[in-house]
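Read the structure below first, then the notes.
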2 protein chains.
Amino acid sequence: MEETIFAKTQTTFRTSCDQCGLSSVCLPIAVDPEDLYRLETAVNRGQKFNRGELVFKQRDRFKSCFVVQGGAVKTFIVTEDGEKQVTGFYLPGEMVALDSINTDYYSCSAEALERSSLCEIPLDRFAEHTLRIPGLQHHFFQLMSQEIQKSQRMTVLLNRKTADERLATFLLSLSKRFGRRHMSATQFRLPMTRNDIANHLGLAVETVSRVLTRLQKQKLVQFQGRYCTLTDVNGLTNIAHAVNSPYECRG
Amino acid sequence: MEETIFAKTQTTFRTSCDQCGLSSVCLPIAVDPEDLYRLETAVNRGQKFNRGELVFKQRDRFKSCFVVQGGAVKTFIVTEDGEKQVTGFYLPGEMVALDSINTDYYSCSAEALERSSLCEIPLDRFAEHTLRIPGLQHHFFQLMSQEIQKSQRMTVLLNRKTADERLATFLLSLSKRFGRRHMSATQFRLPMTRNDIANHLGLAVETVSRVLTRLQKQKLVQFQGRYCTLTDVNGLTNIAHAVNSPYECRG
DNA sequence: AGTCTAGATTGACCTGTGTCATTCGAGGCG
DNA sequence: CGCCTCGAATGACACAGGTCAATCTAGACT
């Protein structure tokens, strides 16, 4: 039933939280069986979204965070001046909307990149939950800290890295994250378009294309359309963590 | 006693929290008088740091957040590959180290940009505090959400804006933040070097210099060394929110 | 199968911003 | 007071990556 080498995006979703396989994200919320039961009744599991559908919309009233079960999601903000900026990609096991917790409105929109399944975790009455479930608060603080740190690493990426370094970093990040969920870390399908990647990394689409073909020529990766095989993780790592600053070294 | 037009950095610090003038940051933590008393005993007020001194250091055990009372602080991270990246500047009334809450270690270092005074808010036993003070958790979640959103705006800035737009945005941000604290929003001293600005905005120092003189020639700002006078806020706003993307429009 | 469209690739060219090198100015100190 | 150092400003030049334009590819639909 499992698909071949490439990470499958639409799997059969389990009906109980403790079998979901994403326990490291949600289950710390529920430490004892009673909590687990409450969690299961509170959480709205396995909502499906088609490619292009919005999971939530910037400026809508904040209601829930979402955990990706299958598929993939991108978040983006639209700035005052109408610029669209992809702020993140979310893969199975990752939680979306942490940036909006305890604010009144969603601070970004989230859109399914392919047919996806998400768990909705209602957090509008967050305070009550935390009183009931002791570990919950700590867990969410941790998730939010990570989100800040992720965003700061992004800042470094954009500030200090060349196009090649950005893309190597990006591919390795996907690899690591797929790997964490027991999917292949070296062979996967990119759920997003080159355009999304370019936007996210602050590059032109053309540059993304050029760099990817260049990395391919260097035998570091191989592409067949969206399908991606990392053939030399070390090589990529070397590029990603280039010892020096963007402009004074290359090669 | 008040200094002239320029925001004073070393003021006489009050001894009680409710007179501190930063109430919007700290006092939501303490909603009733008893809480206030607890807060005053818990918080370590008015610690002084000289220019260049570290308030806390990346990878040190996380202990406290800090609120800037007077002066200014920069935070920076050092990446695996030895790059230094200034992640933020913190002015009076702003809280530092939110990105480290509920993590084991500080995720960045904080350094005083001039002689500064900070309030230390011990949060290592954060969970107990939140049980005792109901509003505390909500308040901190809010602060952290803001921090994430700030970081995301930074991403947009770095991704989509030219050097001119970045600097206009930067100056306006300082202006707004000084203004919030009842300091002049149009005349202030930059507490950081051009180098810090350049690093933070992902530019070369030379570019910062050139752009600042350019903005000066356009009569939008005026500089005397670190002293800065915004002479045309609207003009700056126009540049900061340039209607189109960096490269297809200029002027 | 044939058509359509959105996404991806590739080449030619251009420009914003980085690098290098030099000069200038101001604050700290013997 | 002059020396020293660090930060800032400015000019000459180089190049990474953007723009424009054309072509190719692969699903989606009739």
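Letters go in sequence order (proteins before strands), and every chain restarts at 1.
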Rounded to whole Å, OH of A:Tyr227 lies from P of D:dG27 at a distance of 8 Å
Using atom CZ of A:Arg160 as one end and atom C1' of C:dT17 as the other, report the distance to the nearest whole Å.
14 Å
How are the rings of A:Phe89 and A:His200 set to each other: parallel, tilted or perpendicular (split at 30° and 60°)?
perpendicular
Taken to the nearest whole Å, CZ/B:Arg189 to C1'/C:dG27 is 12 Å
Using OP1 and OP2 only, check whether a side-chain N or O of B:Arg226 sits under 4.0 Å from D:dA8.
yes
Between C:dG18, D:dG7, D:dA8, which nucleotide has the shortest distance from any of its atoms to the side chain of B:Arg194?
D:dA8
Nearest-nucleotide pick for B:Thr162, side chain only, options being C:dT19, C:dT17, D:dA8
C:dT17
Walking DNA chain D from its 5' end, the first of B:Arg51 and B:Thr213 to be reached, judged by nearest nucleotide, is B:Arg51
Tell me the interatomic distance from B:Phe223, atom CZ, to C:dG25, atom C1', rounded to whole angstroms.
17 Å
What nucleic acid atoms does A:Leu203 come within less than 4.0 Å of, heavy atoms only: base, sugar-phosphate, or nothing?
sugar-phosphate
Please name the residue in the list B:Phe56, B:Phe66, B:Phe76 that meets the ring pair (Phe, Tyr, Trp, His ring centres under 6.0 Å) test with B:Tyr106.
B:Phe56
Which nucleotide sits closest to the side chain of B:Thr193: D:dA8, D:dT19, C:dT17?
D:dA8
Does B:Arg214 make a side-chain donor-acceptor contact with the base of C:dT17, cut-off 3.5 Å?
no
Figure out the CG/C1' separation between A:Leu212 and C:dG7, and round it to whole Å.
13 Å
Of the nucleotides D:dG17, D:dT10, C:dA8, which has the atom closest to the B:Glu206 side chain?
D:dT10
The side chain of B:Thr207 is closest to which nucleotide in this list: C:dT17, C:dG7, D:dA8?
C:dT17
Where the side chain of A:Ala204 is defined as all heavy atoms beyond and including C-beta, which of D:dT10, C:dG7, D:dT19 is the nearest nucleotide?
D:dT19
Atom CG of B:Leu113 to atom P of D:dG7: distance rounded to whole Å?
12 Å
Whole angstrom is fine here: how far is it from CD in A:Glu165 over to P in D:dA16?
12 Å
Hey, is the side chain of A:Arg210 pairing donor to acceptor with the base of D:dT19 inside 3.5 Å?
yes
Is the distance between the ring centroids of A:Tyr105 and A:Phe62 under 6.0 Å?
no
Side chains of A:Ser107 and A:Asp99: is there a donor and an acceptor less than 3.5 Å apart?
yes
Do B:Ser64 and B:Glu120 meet the criterion of a side-chain donor-acceptor pair at a distance under 3.5 Å?
yes
Could you check how far CG of B:Asn199 sits from P of D:dA8, rounded to whole Å?
13 Å
